[in-house]
Amino acid sequence: MRNKDMLTDEILFKVLTLDGGGAKGFYTLGILRELEAAAGKPLAQFFDAIYGTSTGAIIATLLGLGRSVPDTLKLYEAHVPKILGAKDAEAKSAQLKATAEELFKGLGWGDFKTAIGIVATNWTAERPLIFKNKLEAAHGMKATFIPGFGCTVPEAVRASCSATPFFEPCKLELKNDGKIEARDGGFSANNPALFALTDVLNGHRIPPPNVRLLSLGVGHYPEPDRGWIKQKINELPPVHLLQKTLNINANTTDILTRYLLPNVPNIRISDRFEAPELATDFLETDMNKLNLLVQKGRDSFSKRESELNKFFNNYGKI
């Protein structure tokens with residue numbers, strides 16, 4: 001249930017957006033772990049809308065379906081190293097598909113407990129592809145709106161995570177648009193904040209002062225040394241360009257959000273770390289290092305605990 005803002009006496013509409021970043025999503029989960037504990041309830045009962053890209057889409061989907069953050073973290077520990085540690089794009093895609101089918105088997109768009117947005121890219125039409133469950137978030141052709149474009153939840157998650165050249169493109173059939181090739185949402189918006197706010201402000205018709213946006217990144221870390229062969233692979237133009245593009249994309253969205261929507265209260269958390277032991281990238285599979293990312297996420301929350309408490313009106317507890 002939404003809580004009232006003490007200053008405006010208006011109902012708040014709370015929005016959570018989660019960046020893409022592969023294994024670095026463990027950092028995001030560290031922040032969310034503390035946030036959920038402070039809120040005292042599952043985040044699907046706290047936020048009115050949750051949008052995510054790539055690894056953020058996986059987390060958003062699990063949380064939106066009612067999973068707790070500790071449960072989500074356990075699932076990440078069990079599955080993410082297996083997916084990212086697979087030998088090539090074909091094997092990674094197969095592992096991702098099997099995991100998505102296992103996690104979301106029997107669950108549909110009507111099972112979400114909050115508005116959801118899963119950001120992917122329609123590679124065929126060269127445009128964003130955002131899977132939604134709420135008619136209010138549609139911006140046109142409402143009479144023919146179909147949740148998730150008629151795709152299953154596992155298909156939407158796979159599409160959002162299909163980062164080429166690390167994963168194979170995802171083949172989908174949309175009910176109203178036919179067969180397409182979908183790829184990672186990071187090609188459209190690695191930070192989905194603007195897409196989420198567009199839906200909230202123009203679709204749900206929430207006044208800007210009544211919105212509370214929490215935008216979470218995956219942190220910034222030194223480049224890892226993965227040996228000569230892997231280092232040369234990472235230096236190939238397509239791979240290096242992808243990594244840079246996703247980071248620039250997320251930072252650009254943050255800047256545009258603040259300049260274009262200055263009346264929307266928002267907090268962005270995605271800290272920078274320089275310690276050599278934190279050197280990592282989105283293909284990390286070392287659980288010791290990934291656990292360090294969780295701790296750094298918790299530290300990032302701690303730095304902003306008072307700010308977040310005020311931002312969310314004591315999490316609706318008063």
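In this text the structure is predicted, and so the values were computed from the model without any measurement.
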Excluding Ile130, membership of its hydrophobic cluster (Ile, Leu, Val, Met, Phe, Trp, Tyr; side-chain heavy atoms within less than 4.5 Å) reads Tyr51, Val119, Phe195
Using ring-ring contact (aromatic ring centres under 6.0 Å, His included) as the criterion, list what pairs up with Phe112, not counting sequence neighbours. Trp109
Could you work out, with ring-ring contact (aromatic ring centres under 6.0 Å, His included) as the rule, every residue matching Phe47, not counting sequence neighbours? Phe312
Between the side chains of Asn309 and Glu305, does any donor sit under 3.5 Å from an acceptor? no
With sequence neighbours excluded, what pairs up with [X] under the side-chain hydrogen bond (donor to acceptor under 3.5 Å, both in side chains) test?
X: Thr72; result: none
X: Lys171; result: Glu181
X: Ser54; result: Asp184
X: Glu34; result: Arg298

Same apolar cluster: [X] and [Y], side chain cutoff 4.5 Å:
X: Val218; Y: Ile83; answer: no
X: Ile248; Y: Tyr221; answer: no
X: Leu261; Y: Ile255; answer: no

Tell me, please, which residues at least two apart from Arg127 pass side-chain contact (heavy atoms from CB on, under 4.5 Å). Asn122, Ala125
Atom of [X], atom of [Y] and distance for their closest heavy-atom approach:
X: Ile267; Y: Ile269; result: CG2-CG1, 3.9 Å
X: Val157; Y: Ile58; result: CG1-CG1, 3.7 Å
X: Gly22; Y: Leu84; result: C-CD1, 4.5 Å
X: Pro154; Y: Phe104; result: CG-CB, 3.9 Å

Keeping the roles fixed (side chain from Lys14, backbone from Phe46), state whether a donor-acceptor pair exists under 3.5 Å. yes
What pairs of residues pass the ring-ring contact (aromatic ring centres under 6.0 Å, His included) test when at least one of them lies in residues 17-45, not counting sequence neighbours? Phe26-Tyr76, Tyr27-Phe273
Where at least one partner belongs to residues 79-108, residue pairs that pass side chain to side chain donor-acceptor pair (under 3.5 Å), sequence neighbours excluded: none
Any pair with a residue in residues 253-274 that passes side chain to side chain donor-acceptor pair (under 3.5 Å), sequence neighbours left out, goes on the list, sorted by first then second residue, please. Asp19-Arg268, Ser215-Arg268, Asp254-Arg258, Arg258-Asn266, Asp271-Ser300, Asp271-Arg304
Run the side-chain donor-acceptor check on residues 136-153: report pairs under 3.5 Å with partners two or more places apart or on a different chain.
| unit_1 | atom_1 | unit_2 | atom_2 | d |
| --- | --- | --- | --- | --- |
| His139 | NE2 | Ala137 | O | 3.4 |
| His139 | NE2 | Asp199 | OD1 | 2.5 |
| Lys142 | NZ | Leu135 | O | 3.3 |
| Lys142 | NZ | Ala138 | O | 2.8 |
| Thr144 | OG1 | Met141 | O | 3.2 |
| Thr152 | OG1 | Glu155 | N | 3.2 |
| Thr152 | OG1 | Glu155 | OE1 | 3.4 |

